[in-house]
Amino acid sequence: MIPNETYYRRIDLPAGDLHVFAGDALFRAMGAKPLEIANNNLQIPNIRYMSYTPDAHVGVGTCIGTTAVWQADEGFVSPTIVGSDIGCGMRVHLTNLDADDLKDVKLRRKLVKAIEKRIPTENHARGHFSDIRLEDVLIKGLHGLPGKYVPDAYTPRRATSLTHVEHARFRYDEDALNRIPEHLWHRAHRQLGTLGGGNHFVELQAVTLDEANRDIGERWGLRDGQVIVMIHSGSRSWGGAVNQHCGSEVVKTMRKLGLGTADPKLAFAPLDSEAGATYVNLMYAALNFAVANRHLLAFAVRDALRETLGPQAETRTLYDLMHNYALEESHDGEPLFVHRKGATRSLPPGHPDNPEPYRETGHPALIPGSMGTSSYLMVGVPSGARNYHSICHGAGRVRSRNATKQLVTVDEFAASLRVGQEDEVVVNHRALEAIIDESPQAYKDVDQIIESVAGAGLAAVVAKCRPLATVKGV
DNA sequence: ATGTTC
C-alpha cells in the first residue's frame with residue numbers, strides 16, 4: 001500500500017524534524033503555536049522522532065496529539081509531554097443488545113439514571129468502592145481488585161480480550177509511592193469509580209461495520225446495530241499528584257545536568273537518573289489506577305444495564321487502551337521509549353505485540369468523537385509503522401472552553417444532540433449549560449480526522465459508532 | 001484534566 005502523501009508533511013524546524021499527519025485544511029487549522037511547541041520539545045536531548053496526529057492541538061508545554069520517541073538506552077522521559085492525566089484512555093464493552101432495544105427515549109433516560117446512580121458525576125464526587133485497597137490497585141492494577149468486581153462474563157484474566165497494560169505488572173519502588181502525601185492518597189481512594197469531567201464520558205453507542213473490514217469486526221464480536229459501551233476516563237487526581245510530586249526533583253536534575261529548552265516549563269530527565277526512574281515508577285501506578293478505574297466504571301454500567309433491561313444483559317470486554325503515557329516498546333526489534341500524548345497505539349494484523357486474542361486481526365484502536373458525534377473502532381495497518389503505530393486520540397479541541405461558551409447557545413447545543421426528537425442522544429445533565437464547553441462546535445470534525453488517519457496509511461476504520469445516550473461529568 | 005481558589 002502506498003500512503004497518500006496528501007495527508008503527510010515533514011516540517012524542517014530549527015531543532016529538528018516534525019512529522020505531521022494531516023490533510024491541508026487540518027494542518028492549516030493547527031496554526032503556528034504547535035510548531036513553536038514542537039521546536040521546544042525537539043530540544044530535549046537524544047529525541048529521535050516526533051510527530052503530530054491530525055487532531056493535534058495546543059496543551060501545556062506540549063501538544064495533545066504528540067508521539068515522541070527515544071532509543072531506550074539513551075532515553076529521556078518528560079512528565080510535561082505525558083501530562084497530568086496519566087493513563088487517560090478508552091474502554092469498550094460489547095453488549096448483547098440491539099439499538100432497537102433502546103429505541104424508546106424513556107428507556108434510554110431510565111438507563112442513564114441507573115448509570116448515574118452508580119457512577120457519580122458531580123465535582124468532588126465520592127465513588128462507591130470504598131472496599132477496595134488503593135495500594136493494591138496502584139501496584140497491581142486490575143489484579144489488585146477484589147474478585148467480585150471482576151465477573152467471569154468479562155474478566156480480562158481468562159477472557160478473550162485484554163489490554164496491553166492489564167496484564168503488565170510494573171516494577172515498583174514502593175518507597176516512592178509512600179512519599180506521596182497522605183491526603184492525596186485519600187483523595188484518590190475516594191475517587192475510585194468516579195468519571196471525571198471535561199471530555200470524559202460513558203456512552204452507549206450503536207455499531208455500523210465498515211464493509212472493507214467487516215471480517216475483522218465480526219471476529220472481534222461486533223455486528224451491525226449492536227449496542228456497545230464506550231468509556232473515556234483517566235487517573236483522576238492521582239496523575240496530577242504524581243506530576244506535582246515528581247516535578248521539583250526532575251527540575252533539580254535538569255539544573256544539575258545543565259539541561260533545558262526554550263520553554264522553562266518543559267520538564268524532562270534521563271531515564272537512568274533517579275528523578276526519571278522515580279517518575280516512571282509513579283507513572284506506572286497512575287496507569288494501573290486509570291485502567292482499574294475504567295474497569296470499575298464498566299462494572300457499574302453492567303449493573304445498571306441489568307437493572308434496567310434484565311439479568312441477561314451482557315457486557316463483555318472488547319479492549320482498554322490508553323492515549324496518555326510513556327512506555328518502552330520494541331519496534332523492528334529495537335527497544336525504544338515511546339511517549340504518546342493524545343495518541344493511540346494501533347498495531348496491524350500479525351504484529352507480535354498484539355495481545356493473543358488479537359494477534360491475527362490487530363487489536364481494536366478506540367477513538368472517541370465529540371458529544372453527539374460518532375466514535376470509531378479502528379485497526380492498524382502495516383504502513384502505520386512510519387509513525388510507530390500511533391494514531392489520533394479523537395476529534396481534538398479547536399476552541400477553548402471559554403470561547404465555546406461565548407459562541408454556542410444552549411439551543412444550538414440541544415439541536416446538535418437532537419433534543420426532542422425520537423433519536424435524541426439522551427444526556428444525564430438536564431441543564432446543558434453545565435457542559436456547553438463540550439458541544440461539538442468546540443471540536444474538530446472527527447470524520448475529517450479519521451479521513452486523514454486512514455488517508456495517511458496509519459490505520460483503517462472497522463466500525464463507526466453512533467451515540468445513543470451519554471453520561472458526562474462536570 | 002484537576003483541584004483550588006485572591
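Computed from a predicted model, the values in this text were never measured in an experiment. In what follows, chains carry the letters A, B, and so on, assigned in the order in which the sequence lines appear, proteins first and then strands, with residues in each chain numbered from 1.
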**Student:** Using a heavy-atom cut-off of under 4.0 Å over every strand shown, decide if A:Arg401 touches base, sugar-phosphate, or nothing.
**Tutor:**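 The answer is sugar-phosphate, as A:Arg401 gets under 4.0 Å only of primed atoms, P, OP1 or OP2.
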**Student:** Ring pair (Phe, Tyr, Trp, His ring centres under 6.0 Å) with A:Tyr388: which residues, sequence neighbours excluded?
**Tutor:**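 Here the qualifying residues are A:Tyr49, A:His331.
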**Student:** Do the side-chain N or O atoms of A:Arg236 get closer than 4.0 angstrom to the phosphate oxygens (OP1, OP2) of B:dT2?
**Tutor:**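 Yes, because at least one side-chain N or O of A:Arg236 sits under 4.0 Å from OP1 or OP2 of B:dT2.
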**Student:** Please state how far atom CD1 in A:Ile64 lies from atom P in B:dT2, giving the value in whole angstrom units.
**Tutor:**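 These atoms are roughly 13 Å apart.
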**Student:** Please give, in whole Å, the distance from B:dA1 C1' to A:Gln244 CD?
**Tutor:**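 Atom CD in A:Gln244 sits about 13 Å away from atom C1' in B:dA1.
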**Student:** Do A:Thr53 and A:Asp55 have a side chain donor and acceptor closer than 3.5 Å?
**Tutor:**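 Distance-only check passes for A:Thr53 and A:Asp55.
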**Student:** With heavy atoms under 4.0 Å as the rule, sort A:Gly240 into base, sugar-phosphate or nothing.
**Tutor:** nothing
**Student:** Are a donor atom and an acceptor atom from the side chains of A:Arg91 and A:His295 found within less than 3.5 Å of each other?
**Tutor:** yes
**Student:** What integer distance in Å separates A:Asn199:CG from B:dA1:P?
**Tutor:**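 So the two atoms are 4 Å apart, to the nearest Å.
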**Student:** Restricting to pairs with a member in residues 394-415 of chain A, which pass ring pair (Phe, Tyr, Trp, His ring centres under 6.0 Å), not counting sequence neighbours?
**Tutor:**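 Non-adjacent pairs meeting ring pair (Phe, Tyr, Trp, His ring centres under 6.0 Å): zero.
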**Student:** Roughly, in whole Å, what's the span from CG in A:Asn123 to P in B:dT2?
**Tutor:** 9 Å
**Student:** Using atom NE2 of A:His245 as one end and atom P of B:dG3 as the other, report the distance to the nearest whole Å.
**Tutor:**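 Distance, rounded to whole Å: 18 Å.
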**Student:** Identify whether any heavy atom of A:Ser237 sits under 4.0 Å from a base atom; if not, whether one sits that close to sugar-phosphate; answer base, sugar-phosphate or nothing.
**Tutor:**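 Sugar-phosphate, backbone atoms only, no base.
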**Student:** Provide, to the nearest angstrom, the distance between the CH2 atom belonging to A:Trp238 and the C1' atom belonging to B:dA1.
**Tutor:**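 My rounded result for the distance is 17 Å.
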**Student:** Tell me: CG of A:Asn324 to P of B:dT2, nearest whole Å?
**Tutor:**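 Checked: the CG to P distance equals 11 Å.
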**Student:** Nearest-Å distance, CD1 (A:Ile81) to C1' (B:dA1)?
**Tutor:** 18 Å
**Student:** Using a cut-off of 4.0 Å on non-hydrogen atoms, how would the nucleic acid contact of A:Gly234 be classed: base, sugar-phosphate, or nothing?
**Tutor:**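 Counting heavy atoms under 4.0 Å across all strands, no contact is made by A:Gly234.
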